Structures are given as structure tokens and as C-alpha cells.
Amino acid sequence: MRFIRINKQILLGFLFITFFGTNSFGQKKYDFVIVIDAGHGGKDSGARGVIENEKDITLNVALKFGRLIEKKYKDVKVIYTREGDYFLELWERAAIANRNHANLFVSIHCNSAGNKSAYGSETYVMGMRRMQENIEVSQRENNVILLEDNQERYQKFDPSDPEAVIAFEIMHSAFQDQSIRFAQLVEDEFVKDGRSSRGVKQN
């Protein structure tokens, strides 16, 4: 795997959001589903480098990462948000993970830095700072349930109900703990490989 300098310095960052479920969604063939998201794409080039753009590097890394998993772990299903140079909106990336009942969502990015001394890897998980925004988005997006004919499938989930919001907060907290644990394992592996780790961060 080669690393291209972007704007003199490059930070390899991973964003992890876990969806650890019970595999009760008809997953019989695979024990685990991972969605790998190559950041940016198409008209969104990400950080611009002298030789390559972020969107191209993230795609190359995502595909290599996925192929390694497919080769070594036959019980893991790998899904890519994109396998070519095209643009996806953020909601589409999350929708791919949700539609496929993913256990783990990994988004790969390469961040430019004005500070010439900056180097190493960073692993991000969704932090509490985004919690309220997340709840508001969830309520807004889930309101479509009220327009559907067969609402029984949601066990009468009401997105405007405060109890539903509390349940969402509890669910998010459980996933966040798992995300932080997984993110730390990733950073530990970077250190074992002799790379510099900038640590696990929340945002």
C-alpha cells in the first residue's frame, strides 16, 4: 500500500460507526456484514494532492481492504459504498449500511494538514457533540413511517415520541462503546506495524 502526500502532509483517518445487531435480519450465509466506504468520489475530490486526489486514494485503500477481508474471512460479507469514481451523498452511504443490515461501517479518508509536523493515523467515532443533531435527523427521517400503510412492522414506533428518543439515545450509547473499542484496536494495530498513532477521537 503506498501513501501519497497530499498538501505536503497526509493523515490517514478512519471513521467507524458500528451497527452490532443480532443477525436477525435473514443473514444466514454470512456471520458478519461490513460496509466499506471510500470517502468522497466523483465531483467531490476531497483533499487535492500534487499527484493524486483524496477520492482516488480512499477508493484504492477501500478496495484493497475489502479484498483482504474477502480472501481471509469467508464468513464476512463485504459491501462497498462505491467501487468507482462517482459521487454519493452522505445519506446514501448510511442507507447502504442500513439496507444491508451492516454490523460495521468503515469510512476511509485522507486528511490534509497545514501543520508540516502532523503525521500518523486517526480513528474517529461519532461523539456526543453530534448526539442532538443525530436525534433530530433520526426524528425527521423516520417521520416517513407515519405515511406508510403497514406501520405494524415498526411495532408502532412513533418518531416524535420522547420515549422513542430515549431508546435511540440508549442504542447510540451502546454502539458508541463498541465503536470506541474497535477504533482503539485499529490504532493499536497501526502502532504494532510501526506507524504513528494520533489516537481515537470523537466528533
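For the numbers below, each heavy atom of this structure counts, side chains included, while hydrogens, waters and symmetry mates do not. Remember, it's a predicted structure, so these values are computed and weren't measured experimentally.
Closest heavy-atom contact between Glu122 and Lys201: OE2-NZ, 2.7 Å. Among all heavy-atom pairs drawn from Tyr86 and Arg82, the shortest one is OH-CA, 3.1 Å. Across all non-hydrogen atoms, the minimal contact from Val125 to Ala183 is CG1-CB, 3.9 Å.
When the salt bridge (charged side-chain N to carboxylate O under 4.0 Å, His left out) test is applied to Asp44, no partner is found at least two apart in sequence or on another chain. By the side chain to side chain donor-acceptor pair (under 3.5 Å) test, Ser45 pairs with Arg48, sequence neighbours left out. Remark: Glu189 pairs with Lys192 by the side chain to side chain donor-acceptor pair (under 3.5 Å) rule, at least two apart or across chains. Among residues two or more places apart in sequence or in another chain, the side chain to side chain contact (heavy atoms under 4.5 Å, CB included) test is passed with Arg67 by Leu63, Glu70, Tyr80, Glu83. For Lys71, there are no salt bridge (charged side-chain N to carboxylate O under 4.0 Å, His left out) partners, not counting sequence neighbours. Listed by chain and number, the residues in a side chain to side chain contact (heavy atoms under 4.5 Å, CB included) with Leu185 are Arg181 (sequence neighbours excluded).
Between atom CD of residue Glu92 and atom CG of residue Asp37 there is a gap of 11.0 Å, rounded to the nearest 0.5 Å. The structure places CZ of Phe190 at 8.0 Å from OG of Ser197, a figure rounded to the nearest 0.5 Å. If you take CG on Leu59 and CG on Asn53, they are separated by 12.5 Å, rounding to the nearest 0.5 Å. In this structure, OG1 on Thr58 lies 13.5 Å from CZ on Phe65, to the nearest 0.5 angstrom. From Ile96, atom CD1 reaches atom CD1 of Ile79 across 8.5 Å, with rounding to the nearest 0.5 Å.
Arg93 places no side-chain N or O within 3.5 Å of a backbone atom of Gly39 that could act as its donor or acceptor partner. Counting only distance, with no hydrogens or angles, the side chain of Glu54 and the backbone of Cys110 share a donor-acceptor pair below 3.5 Å. Panel note: side chain Asp85, backbone Gly41; no donor-acceptor pair is recorded below 3.5 Å.
Using a 4.5 Å cut-off between side-chain heavy atoms of Ile, Leu, Val, Met, Phe, Trp and Tyr, with links allowed through other members, Val106 and Tyr73 fall into the same hydrophobic cluster. Hydrophobic clustering, with ILVMFWY side chains joined whenever heavy atoms are under 4.5 angstrom apart, keeps Tyr124 apart from Val200.
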Checklist entry - Please walk me through it: do Asn60 and Glu52 pass side-chain contact (heavy atoms from CB on, under 4.5 Å)? => result CA-CA 11 Å; Asn60 288 336; Glu52 289 190 61; 4.2 Å; yes
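A side-chain contact (heavy atoms from CB on, under 4.5 Å) with Ile36 is found for one member of Ile108, Thr81, Leu104, Val61 and no other, namely Ile108.
More than 12 non-hydrogen atoms from other residues, nucleotides or ligands lie less than 6.0 angstrom from CZ of Phe87.
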